[in-house]
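Here is the naming used below: chain letters follow the sequence lines, and residue numbers restart at 1 for every chain. Computed from a predicted model, the values in this text were never measured in an experiment. Atom set for the values below is all heavy atoms of this structure, side chains included, hydrogens, waters and symmetry mates excluded.
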There are 4 protein chains.
Amino acid sequence: MDLTKLGLAEKERKILEAAIDVFSEKGFSGATTNEIAKRAGVAEGTIFRYFKTKKDLLRGILIQMLNLLGEPVIMEGVRKILLQSEEKEMRRILKALILDRMELINSVFPMVRIVITEALYHEDIRDAFFQNVLAKGIEIFSIFHQQMVVRGMIRPDVDPLAMGRSIVGNIALFVIFRRFFAEKFSPTDMERDLDQVIDIIMFGIAGEASREQK
Amino acid sequence: MDLTKLGLAEKERKILEAAIDVFSEKGFSGATTNEIAKRAGVAEGTIFRYFKTKKDLLRGILIQMLNLLGEPVIMEGVRKILLQSEEKEMRRILKALILDRMELINSVFPMVRIVITEALYHEDIRDAFFQNVLAKGIEIFSIFHQQMVVRGMIRPDVDPLAMGRSIVGNIALFVIFRRFFAEKFSPTDMERDLDQVIDIIMFGIAGEASREQK
Amino acid sequence: MDLTKLGLAEKERKILEAAIDVFSEKGFSGATTNEIAKRAGVAEGTIFRYFKTKKDLLRGILIQMLNLLGEPVIMEGVRKILLQSEEKEMRRILKALILDRMELINSVFPMVRIVITEALYHEDIRDAFFQNVLAKGIEIFSIFHQQMVVRGMIRPDVDPLAMGRSIVGNIALFVIFRRFFAEKFSPTDMERDLDQVIDIIMFGIAGEASREQK
Amino acid sequence: MDLTKLGLAEKERKILEAAIDVFSEKGFSGATTNEIAKRAGVAEGTIFRYFKTKKDLLRGILIQMLNLLGEPVIMEGVRKILLQSEEKEMRRILKALILDRMELINSVFPMVRIVITEALYHEDIRDAFFQNVLAKGIEIFSIFHQQMVVRGMIRPDVDPLAMGRSIVGNIALFVIFRRFFAEKFSPTDMERDLDQVIDIIMFGIAGEASREQK
DNA sequence: TATGAATGAGAATTCATTCAT
DNA sequence: GATGAATGAATTCTCATTCAT
């Protein structure tokens, strides 16, 4: 997570970075300002020059993440892949999307963890998440859906929101399994595993008998 | 979450129930033993007769949930619907499954929240979750897959694990949206929304053009 | 420390014995009634049937020790050796005394530890100790002194109290060294070490030059 | 006990001084950090800035006493009197020694009490006491013994360790009696009492008859 | 009598926050 | 601005004592 661009004072940036680390490792209440100060290489008092309270520091992180970074960093990849791609085959588009998301999640995992935890407990965080990330994602998926339907690559009768949810859900579970439970399974070929996911997203799981009922 | 069956002392049960509530509302570090005691209607010291430390109380909750309730409560519904159902049509089976899961999640949402939060931060919790819930779920999905493949209702070339992941991912996102973001959207008919999800799970999102490439 | 003789209820005796153990190991404040109860094999509440408070239990121990056992057990050996001995040689008398005291101290070390610790902090304990142990010891030493002076075996010009103090002081340091610091020194022959102590008690440390000055 | 010299922060010194007082009065477990803080005139939390735990505070006291003060303060007097004294008469040397020790013990009695109590219960304290105090005392006594033997003022056939033990034992009992039990006896002239002790240390208690047997 | 669950006052310890330097 | 020592309210945990059974 690169905070260098923003117009932040050197110390403020270091504090934010350290706070992201520590909050992510220990959770908000589990983290101490003392440890954050140490990791940031500043005095404990300095934290409170930039952030009135510890809660404020958390808010600062989430604001930085959602408002400033939300669109450009988090959504840029999705936009490029889904909308600007020259790629004609949907299979390849989805593959690119998944790989891109996995890379992103790995690079900002500490922040994701903070957002998930906080979003589970606070509605205002959920709201901010919705406005800054979800709404934009939905918009992108809608356009993508539209374009693809025109090209006949996506069924016209699926709702774009339902489609987006499904794609995200598939990716999410795939990522969770690989990050947290990979070692529990015989080491499967990532490529083939990915192909399965895409195959299911595209064609579903139904067999011939089910298709006839349709 | 019904803890009455287990052979717990009256007070122990009340403490566990109160702890689930408070941990779920405030997170582990944010919760205080003082508040738990008050909600349980016992003296603070009483908590420590049953649970040596606050951490132990959390462990107690997770153990209760994962070990004792994991299989019977959490998996029973899945097993019944997927394996014992007389239902011939897969669409109906999935519908029953989703409705059942939504009901369960609503009834144990506090616990789910605790488990998710803790699992994000502690590997041992993830391990326990894997052994007590995931592994069993995977097993059930495998049997279901086998049976359905025989009947031609599920494609023989999808991996059972990938299939399970996909189903769970679709349901998860559906549930998350309805629980946390429902109000953001024009009030959609739940029935129709559900049908969309199932439709996608079964037949995927690909349009005619994509299918030809296959 | 044998408490069986006293007219104590079975449980009361077991509680006292356990309390001596635990107080001796952990000190008064460091000991818990819970542990005492466990070691005594009784319920925690039972302790408070016999002793109104924890302090009372300590008092009980000290009373048992000082009042009831003080004279008979602790002083009996001294009396026998010093007064009733047929032994003519003082060297042998002292040797018997020291060996007897070492044996006693080893057998009641837990209690000695409690008494020393408590006596350091509470005057009432010191008073009780004085009346029950010291006063009697002084009396015995006085009689011993008198008898020995008559026989010419002790200098007539030493004060009996000073003599007693000196003997006890010599023995005490000897015992302390052997119990707590023995391993720090090359393993010396106990017999010879003892002879040195007795030699010094009897003839002092002064050399010829010093004796002339006298 | 003067802690001003050591390079301690003002507050740290006050805490240590207060802790010595309170531990000495109530024992380790009986003392509370609350009271120590009050007496030191600092907030309770401040104690834990300097000492991680209450146990650590005790350790701090013992370290201060044994390591830093052990040799210089405790042993300096002994060294001067025993080794550097111009005094030719042993009687006067011993008298000076005893008076010096009594003064020391009175001035550091709180600390002595803590050390004795803790040494009775913990081997590591005994070890530290041995290394920092006892070992040095023994060394000094050995040199003293050597010098005095050469001058004919101490018998060549007494072991220096036994000699030291005896002197210390005599002084200890004398000091204990005067501090704790003085009022129990008719008010004796301290000077004469002291002379008795010295007389016994030097010439022992044996009468003519016993000396012949020798 | 004996029990041991329950109590709650009190203890040690933590930590966000302040403020003099 | 920056520091970090000091604070003290809040928190976890302990344990002597009570009391219904």
Pairing pattern in dot-bracket form [Watson-Crick, G-U; both distances under 3.5 Å; | = partner strand] for DNA chain E:
.||||||||||||||||||||
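- Residues of residues 32-43 of chain B having a heavy atom closer than 4.0 Å to DNA chain E, listed by number: B/V42, B/A43.
- Rounded to whole Å, the distance from CD1 on D/I47 to C1' on E/dT14 is 14 Å.
- Residues D/L62 and D/F129 have side chains not in contact (no heavy-atom distance under 4.5 Å, counting atoms from C-beta outward).
- Rounding to the nearest 0.5 angstrom, the gap separating the CZ atom in A/F51 from the CD1 atom in A/I36 is 10.0 Å.
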Could you tabulate the donor-acceptor pairs under 3.5 Å formed by side-chain atoms of residues 109-123 of chain D, not counting sequence neighbours?
unit_1 : atom_1 : unit_2 : atom_2 : d
D/R113 : NE     : D/S24  : O      : 3.1
D/R113 : NE     : D/S24  : OG     : 3.4
D/R113 : NH1    : C/L120 : O      : 2.4
D/R113 : NH2    : D/S24  : O      : 3.4
D/T117 : OG1    : C/Y121 : OH     : 3.0
D/T117 : OG1    : D/R113 : O      : 2.7
D/Y121 : OH     : C/T117 : OG1    : 3.1

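- A/F51 comes within 4.0 angstrom of no nucleic acid atom, judged by non-hydrogen atoms across all strands.
- D/I15 and D/I47 get closest at one heavy-atom pair: CD1-CA, 3.8 Å.
- Scanning for ring-ring contact (aromatic ring centres under 6.0 Å, His included) contacts around B/F130 gives A/F181, A/F185, with sequence neighbours left out.
- Residue A/Y50 holds its OH atom at 11.0 Å from CG of A/L16, rounded to the nearest 0.5 Å.
- Both A/Y50 and B/F48 lie near DNA chain F, and the one whose nearest nucleotide falls closer to the 5' end is A/Y50.
- Counting to the nearest Å, the P atom of E/dA2 and the NZ atom of C/K11 are 6 Å from each other.
- When distances are taken from the side chain of D/E44 to each of E/dT13, E/dA16, E/dA2, the shortest belongs to E/dT13.
- Annotation: the span from C/E12 atom CD to C/L57 atom CG amounts to 9.5 Å, rounded to 0.5 Å.
- Taking the 5' to 3' direction, DNA chain F first and last meets chain D under 4.0 angstrom from a heavy atom at F/dG4 to F/dG8.
- Taking the nucleotide of DNA chain E with the nearest heavy atom to each of D/K55 and A/R49, the more 5' of the two is matched to D/K55.
- Rounded to whole Å, the distance from NZ on A/K26 to P on E/dT14 is 13 Å.
- Note that OG1 of B/T46 and CZ of B/R49 are 8.0 Å apart. Values are rounded to the nearest 0.5 Å.
- In this structure, the side chain of C/K54 engages the main chain of C/F28 through a donor-acceptor pair within 3.5 Å.
- In this structure, B/V22 and B/A31 approach most closely via the heavy-atom pair CG1-CB, 3.5 Å.
- With DNA chain F read from its 5' end, the first of the two nearest nucleotides for C/T53 and B/T53 is the one closest to B/T53.
- Scanning for salt bridge (Lys or Arg N to Asp or Glu O under 4.0 Å) contacts around B/K26 gives B/E35, with sequence neighbours left out.
- Going from atom CD of C/E10 over to atom P of E/dT1 covers 14 Å, rounded to whole Å.
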